[in-house]
Amino acid sequence: MNRVDLATLDFFSAEVQECPFQIYRQLQDEAPVWQMPGTNVFVVTRYSDIRDIIRDPARFSSSFGALLNAGASNKEVDAIYGQGYEMVETLLTQDPPRHRVYRNLVNKVFSNKRIEGMRDYIQSITDELIDAWIDDGEVDLMNRLCVPLPIYVIADQLGVPRAELPLIKKWSDASASRLGRLANEEQQIQNAKDIVEFQHYFADLIDRMRESPEDNIISDLANNTIDEGRLLTKPEALGMIQQILVAGNETSTAGIAGGVVLLIENPAEQTKLRSNPDLIPGAVEEILRLETPTSGMWRTATEDTEVGGVPIPKGAFLMVRFAAGNRDESVFSCGHEMKVDRDNASNHLAFGQGTHFCLGAQLARSEMQIALGSLLARTDNWGLVEGKNTLTHNPNVLLRGLKDLYISFDKIS
Ligand code: HEM
């Protein structure tokens with residue numbers, strides 16, 4: 001294994017983020033709670049440390065919204081955001097007990113029971129998407145399945161007409177890019193324009209749903225009350241919608257696309273799945289473990305404390321690296337290998353744990369199971385189309401997802 005010099009390592013650079021796995025391993029061996037030189041950021045890579053941190057919101061707060069939204073590097077970007085709504089802390093960046101108030105509003109919509117009841121509907125969208133190219137022998141799988149499936153589902157839930165789906169994709173990409181913090185200046189300006197456009201679109205929709213309520217999430221958020229009877233403010237509702245949108249699109253897309261590539265790279269595992277489709281739910285957990293579409297998340301220390309024997313001062317930022325913990329050899333033996341029947345795959349940290357456990361975990365699992373199950377049932381002899389796949393990822397420090405995916409296949413008749 002090539003070791004890097006930790007004294008000069010720029011962990012959040014695009015190069016490291018593209019190929020991080022050897023570095024995760026080195027950090028786990030040499031400095032599992034590693035302070036990035038010259039910063040107050042500690043990168044945490046061992047499974048047990050990550051789990052302890054995310055289960056302890058009193059010591060390790062999620063109030064890192066300022067960190068995510070800060071950093072507009074020029075006045076033009078600031079001015080554009082000035083035309084929108086200020087963001088308030090709701091789900092991801094809110095701590096208990098206030099977090100519970102917002103989480104209760106959306107828990108029902110994403111309950112396991114409700115998602116279980118959506119399986120036929122998700123299957124029919126998947127069938128419709130695959131029908132459109134099943135006779136072609138080659139497909140831009142990213143844009144003709146991995147991207148549209150989660151967008152169709154979430155847009156229907158939110159109550160956005162299908163004709164406006166390209167807008168949802170654009171807004172979701174802009175929000176993810178802002179979170180990811182690797183956008184250049186031109187991109188930051190475009191992100192700001194897109195995010196403000198998103199805010200005004202949904203602010204209008206909230207008004208309309210208040211006038212005539214419908215059966216969808218926006219209508220629920222627009223009309224349900226909190227704090228002894230008041231409606232959500234627009235910034236509160238917009239903050240929640242934005243999180244559901246970003247969290248629900250980029251990540252599930254990455255999970256489906258990454259799963260296909262893993263199965264192409266591991267033909268023996270693919271064969272096992274084809275001969276025993278009952279393994280698909282477990283295989284999806286293994287894919288989530290290896291792909292970890294949300295590679296990491298922030299926490300901030302509320303007091304002087306320690307993690308794994310390393311002192312952490314109050315106010316320091318911790319980057320909990322789920323993607324590293326998910327390959328920790330002390331929990332997952334041969335953690336870099338894919339085993340579709342691994343017995344403890346579902347212990348992965350891909351959806352976090354505790355207070356902020358992913359709201360959409362069940363939905364994402366269903367989408368991945370149905371998409372991969374349908375592809376396996378209807379197509380065979382998968383290959384990566386030569387000359388078209390970069391096999392690189394969108395630059396982002398929090399979310400990891402392939403840029404493109406073109407596959408060749410045979411239709412199973
Ligand atoms: C493979 C797909 C997905 C992955 C890997 C994923 C990952 C995660 C992770 C790791 C967290 C916890 C962050 C933390 O501890 O700070 C989280 C939270 C969250 N996720 Fe997901 N997610 C996925 C899909 C979805 C979907 C489909 C939705 C919504 C429809 C969603 C909505 C959310 C929301 C709203 C939160 C914040 C919850 C809270 O703070 O209470 N996610 N997700």
Side-chain angles (χ1 to χ4, degrees), residues 44 50-57 60-65 67-68 89-107 109-111 114-115 118 122 146 149-158 168 172 175-176 179 216-217 221 239-259 284-300 317-326 348-372 396 398-401:
V44 184
I50 297 169
R51 195 196 45 201
D52 292 349
I53 291 170
I54 62 182
R55 284 183 174 175
D56 191 349
F60 301 106
S61 161
S62 283
S63 167
F64 52 79
L67 181 77
L68 294 184
E89 315 293 3
T90 53
L91 295 167
L92 187 72
T93 50
Q94 180 58 269
D95 288 322
R98 188 72 190 151
H99 169 268
R100 183 57 32 205
V101 173
Y102 298 108
R103 180 78 189 222
N104 283 345
L105 280 181
V106 281
N107 265 349
V109 183
F110 288 95
S111 70
R114 187 157 188 279
I115 302 301
M118 283 168 60
I122 299 174
C146 310
L149 177 60
I151 292 193
Y152 279 21
V153 172
I154 207 67
D156 282 353
Q157 297 302 302
L158 290 172
I168 295 272
S172 149
S175 305
L179 270 185
N216 61 49
I217 302 179
L221 288 177
M240 293 174 78
I241 294 165
Q242 190 176 15
Q243 284 173 49
I244 291 170
L245 205 65
V246 185
N249 286 341
E250 312 285 328
T251 47
S252 307
T253 293
I256 300 167
V284 162
E285 299 308 311
E286 179 69 344
I287 290 165
L288 285 163
R289 183 185 74 78
L290 284 165
E291 285 297 310
T292 317
T294 303
S295 8
M297 202 41 80
W298 295 104
R299 293 294 187 269
T300 139
F317 290 107
L318 295 106
M319 163 47 66
V320 285
R321 215 61 194 162
F322 301 127
N326 279 345
H348 64 71
L349 299 167
F351 292 125
Q353 280 190 1
T355 308
H356 295 278
F357 180 76
C358 176
L359 173 71
Q362 211 46 38
L363 176 58
R365 284 180 164 129
S366 300
E367 289 173 354
M368 288 177 66
Q369 290 168 11
I370 291 169
L372 292 168
N396 197 307
L398 297 182
L399 306 177
R400 182 176 169 86

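Remember, it's 1-based here, ligands and their atoms both numbered in the order they're listed.
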So for L288 against ligand 1, with non-hydrogen atoms under 4.0 Å, the contacting part is side chain
Donor-acceptor contact below 3.5 Å, side chain R114 vs main chain V109: yes
Backbone or side-chain N or O of I54 under 3.5 Å from ligand 1 N or O: no
May I ask you to identify the nearest protein heavy atom to atom 12 (C) of ligand 1, giving residue, atom name and distance to one decimal place in Å? H356 O, 3.3 Å
Rounded to the nearest 0.5 Å, what separates atom CG in L221 from atom CG in N216? 9.0 Å
Measuring from non-hydrogen atoms of S62 to any atom of ligand 1, is the shortest distance under 4.0 Å? no
Only counting residues at least two apart or in another chain, list the ones meeting side chain to side chain contact (heavy atoms under 4.5 Å, CB included) with A254. P293
T93 side chain to E89 backbone, donor-acceptor under 3.5 Å: no
Should the proximity of R103 to ligand 1, defined as any heavy atom under 4.0 Å, be assigned to the side chain, the backbone, both, or neither? side chain
How close does the nearest protein non-hydrogen atom get to atom 10 (C) of ligand 1, and which residue and atom is it? A350 O, 3.1 Å
Between F322 and ligand 1, find which residue part has any heavy-atom pair under 4.0 Å and reply side chain, backbone, both or neither. side chain
Do the side chain of T292 and the main chain of R289 share a donor and acceptor less than 3.5 angstrom apart? yes
Show your reasoning for whether side-chain contact (heavy atoms from CB on, under 4.5 Å) applies to M297 and F64. CA-CA 10 Å; M297 202 41 80; F64 52 79; 3.7 Å; yes
Q243 versus ligand 1: do any nitrogen or oxygen atoms come within less than 3.5 Å of each other? no
Using a 4.0 Å cutoff against the non-hydrogen atoms of H99, which atoms of ligand 1 qualify? 39 (C), 40 (O), 41 (O)
For atom 37 (C) of ligand 1, what's the nearest protein heavy atom and its distance? L92 CD1, 4.0 Å
Under 3.5 Å, is there a donor-acceptor pair between the S62 and H356 side chains? yes
Can you tell me how far CD1 of I244 sits from OG of S172, rounded to the nearest 0.5 angstrom? 12.5 Å
Residues in side chain to side chain contact (heavy atoms under 4.5 Å, CB included) contact with T253, at least two apart in sequence or another chain: M142, C146, V147, P150
Look at ligand 1 and say whether I154 reaches it with a heavy atom at a distance under 4.0 Å. yes
Polar-atom distance check: L349 versus ligand 1, any N or O pair below 3.5 Å? no
Among E250, R299, M297, closest by heavy atom to atom 15 (O) of ligand 1 is R299
For F110 and ligand 1, answer yes if some heavy atom of the residue is under 4.0 Å from a ligand atom, otherwise no. yes
Residue and atom, protein N/O/S, under 2.8 Å of atom 21 (Fe) of ligand 1: C358 SG
Test log, rule side-chain hydrogen bond (donor to acceptor under 3.5 Å, both in side chains), inputs D95 and S63: CA-CA 7 Å; D95 288 322; S63 167; 5.0 Å; no
E291 (side chain) donor-acceptor with G255 (main chain) under 3.5 angstrom: no
Within the distance-only criterion (no hydrogens, no angle test), does the side chain of N326 pair as donor or acceptor with the backbone N or O of L290 below 3.5 angstrom? no
Residue list, ring pair (Phe, Tyr, Trp, His ring centres under 6.0 Å) with F351, at least two apart or on another chain: H348
